[in-house]
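Right, one structure below, let's go through it.
If you read the sequence from its start, that first residue is 1, and numbering goes on from there.
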Amino acid sequence: MSMNYRWKNFREDEDRPEKPRRFGVTEIRGPNHTLLTQNVIQDIFESMGQFVDGLKFSGGSHSLMPKSFLKQVIDMAHRHNVYVSTGDWAEHLLRKGPSAFKDYVEECKQMGFDTIELNVTSLEVPEETLLRYVRLIKSGGLKAKPQFAAKFNKSDIPIGRDRAFGAYVPPSPRSTEFIEDVDLLIRRAERCLEAGADMIMIDADDLYKHADSVRADIIAKVIGRLGLEKTMFEASNARASEWFVKQYGPKVNLFVDHSQVMDLECLRGRNLGKNHTSVLGSSYFLF
C-alpha cells in the first residue's frame, strides 16, 4: 500500500489484493452524465488510481469523442494499470448489417479498448446471436462483458404499515415495469460465461433503490449461480455500494461513479456502521 494511504487500514483477513484484481474490482463511469476532461481523469488516476480497476465509457460516449482524445485517455488509463471498457453501444450497429459488429470489435481493439460490453436488453437478439457476439469479441483478443438488467414490479414490495389481522388491504396498482425472469437471466448469463465471457454486469437498480425492501433473494440467487468473481453490480449510489459491501464483503465487484471511488474503498476496508452516508462527505469531489 502506498505511503500516501497509511490512514487506510484493511484487516488482515480481508485479503485485498493489488491490481490487477480478479475480485473486489472497482469500475468507474467515464464521461457520460458529467463532462470529464482529460485533466480530471488524470487527477483521478494519480490521486486514487490504485483503487480504480476499470474505466467505462458509458452510453456510447466514446462514439462522440475525437479518436485522438479517446486514444490519449485510454493510454493514460493503461499507464495506471486500469482497463478500459466500452458502454452499451453495440446495439446501434445492428442496423448497419451483419459485418458491422465484427468491424466494431476490430476498431475497439485498434483504439486500445480491453473490454466490450454488450447490453443484452438493448440488443434484443436471439440467444445464439448473443453467444456468437461473445465469441467474436474473444476471438478478437478482447474481453466480453454482457450486461443484464434485473427488474421487478414495484407492487411486489410489501406495504410497510401496521394492519389488523384479517383487515382488508386495497391491492396496490400494478406498475408497468418489466418483470425479469431471474432464472432465465441466470441461464443466459451462464451460457455467456460458457462461451467465454469474462464478467457479467448486472444492472440491478430496481433491486436496491427501495433500500428497506432490497430484493436480497434475487441478488443472492444471481451470485450463488454465477459466482462473486464473475459478477459485477452497478451501484448507482453510495447507499447501494454500502449494502453490497456489508452483505458480500470487500470482494464484491462494483461499477460506480468516479465520485464514489474513495468512499467505496473506505467501505471495503472498515466497518462504518448502519448510519454511514459518506466517509469524506459530498463536498470532497467538487469537479
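Without hydrogens or angle criteria, D203 side chain to F148 main chain gives no donor-acceptor distance under 3.5 Å. Side-chain N or O atoms of T129 include none that pairs as donor or acceptor with a backbone N or O of V125 at under 3.5 Å. Side chain of S139 to backbone of L136: a donor-acceptor contact under 3.5 angstrom is found. Counting only distance, with no hydrogens or angles, the side chain of D257 and the backbone of Q260 share no donor-acceptor pair below 3.5 Å. Side-chain atoms of K19 come within 3.5 Å of backbone atoms of G49 as a donor-acceptor pair (strictly under, hydrogens ignored).
Side-chain contact check for I28 versus F255: every heavy-atom pair is 4.5 Å or farther apart. Contact annotation: the side chain of I219 approaches that of F233 to within less than 4.5 Å [non-hydrogen atoms, C-beta and beyond]. A heavy-atom distance below 4.5 Å is not found between the side chains of V256 and R29. With a 4.5 Å cut-off on side-chain heavy atoms, L118 and Q147 do not count as touching. Proximity of F113 to I74: side-chain heavy atoms (C-beta onward) are separated by under 4.5 Å at one or more points.
The minimum heavy-atom distance linking R225 with D183 is given by the pair NH1-OD1, 4.0 Å. Nearest heavy-atom pair, R268 versus V25, reported as atom, atom and distance to 0.1 Å: NH2-O, 3.2 Å. When all heavy atoms are compared, the tightest approach of A149 to L185 is O-CD1, 3.6 Å. Across all their heavy atoms, V105 and G140 have their closest contact at CG1-CA, 4.4 Å. Across all their heavy atoms, V134 and C192 have their closest contact at CG1-O, 4.0 Å. Annotation for L228 and Y248: closest pair CD2-O, 4.1 Å, computed over non-hydrogen atoms.
Of the listed residues (E242, M262, K246), just one forms a side chain to side chain contact (heavy atoms under 4.5 Å, CB included) with L267, and that residue is E242.
Remark: K102 NZ is loosely packed, at most 12 non-hydrogen atoms of other residues, nucleotides or ligands lying under 6.0 Å away.
To the nearest 0.5 angstrom, E18 atom CD is 10.0 Å from N81 atom CG. Put simply, NE2 on H258 and CD1 on I44 are 4.5 Å apart, with the number rounded to the nearest 0.5 Å. The CG atom of L254 sits 5.5 Å away from the OG atom of S241 when rounded to the nearest 0.5 Å. Rounding to the nearest 0.5 Å gives a distance of 9.0 Å between CD1 of I186 and CD1 of I218. To the nearest 0.5 Å, the span separating CG on N253 from CZ on R22 amounts to 10.5 Å. Rounding to the nearest 0.5 angstrom, the gap separating the CD atom in E107 from the OG1 atom in T86 is 11.0 Å.
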| query | Y83 and D53: side chain to side chain contact (heavy atoms under 4.5 Å, CB included), yes or no, with the steps? | reply | CA-CA 6 Å; Y83 69 81; D53 298 273; 4.2 Å; yes
| task | For the pair Y133 and F101, evaluate ring-ring contact (aromatic ring centres under 6.0 Å, His included) and give the outcome as yes or no after the intermediate values. | result | CA-CA 8 Å; Y133 288 164; F101 188 80; 4.2 Å; yes
| task | Please report the C-alpha distance between L226 and E190 in whole Å, then the side-chain angles of each, then the deciding distance to 0.1 Å, and finally whether the side chain to side chain contact (heavy atoms under 4.5 Å, CB included) criterion is met. | result | CA-CA 7 Å; L226 302 181; E190 286 175 332; 3.6 Å; yes
| task | May I have the step-by-step check of side chain to side chain contact (heavy atoms under 4.5 Å, CB included) for M201 and K56, ending in yes or no? | result | CA-CA 12 Å; M201 172 74 83; K56 181 169 85 169; 4.0 Å; yes
| task | Please report the C-alpha distance between K67 and M111 in whole Å, then the side-chain angles of each, then the deciding distance to 0.1 Å, and finally whether the side chain to side chain contact (heavy atoms under 4.5 Å, CB included) criterion is met. | result | CA-CA 8 Å; K67 289 186 177 181; M111 289 300 300; 4.0 Å; yes
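D75 is linked by a side-chain contact (heavy atoms from CB on, under 4.5 Å) to K71, R79, counting only residues two or more places apart in sequence or in another chain. By the ring pair (Phe, Tyr, Trp, His ring centres under 6.0 Å) test, F45 is found to be paired with H80, residues two or more places apart in sequence or in another chain being considered. Every salt bridge (Lys or Arg N to Asp or Glu O under 4.0 Å) that R187 has, sequence neighbours left out, goes to E127.
Using a 4.0 Å cut-off between charged side-chain N and carboxylate O, E27 and K145 make a salt bridge. In summary, K138 and D198 engage in a salt bridge, as defined by a charged side-chain N under 4.0 Å from a carboxylate O. One finds no salt bridge joining D114 and K143 here, because no Lys/Arg side-chain nitrogen approaches an Asp/Glu carboxylate oxygen to under 4.0 Å. Salt bridge present: E128 and R191 bring a charged side-chain N and a carboxylate O closer than 4.0 Å.
Cluster membership for L131 and L184, using ILVMFWY side-chain heavy atoms within less than 4.5 angstrom, is not shared.
Residues T26 and R21 have side chains that never bring a donor and an acceptor to within less than 3.5 angstrom of each other.
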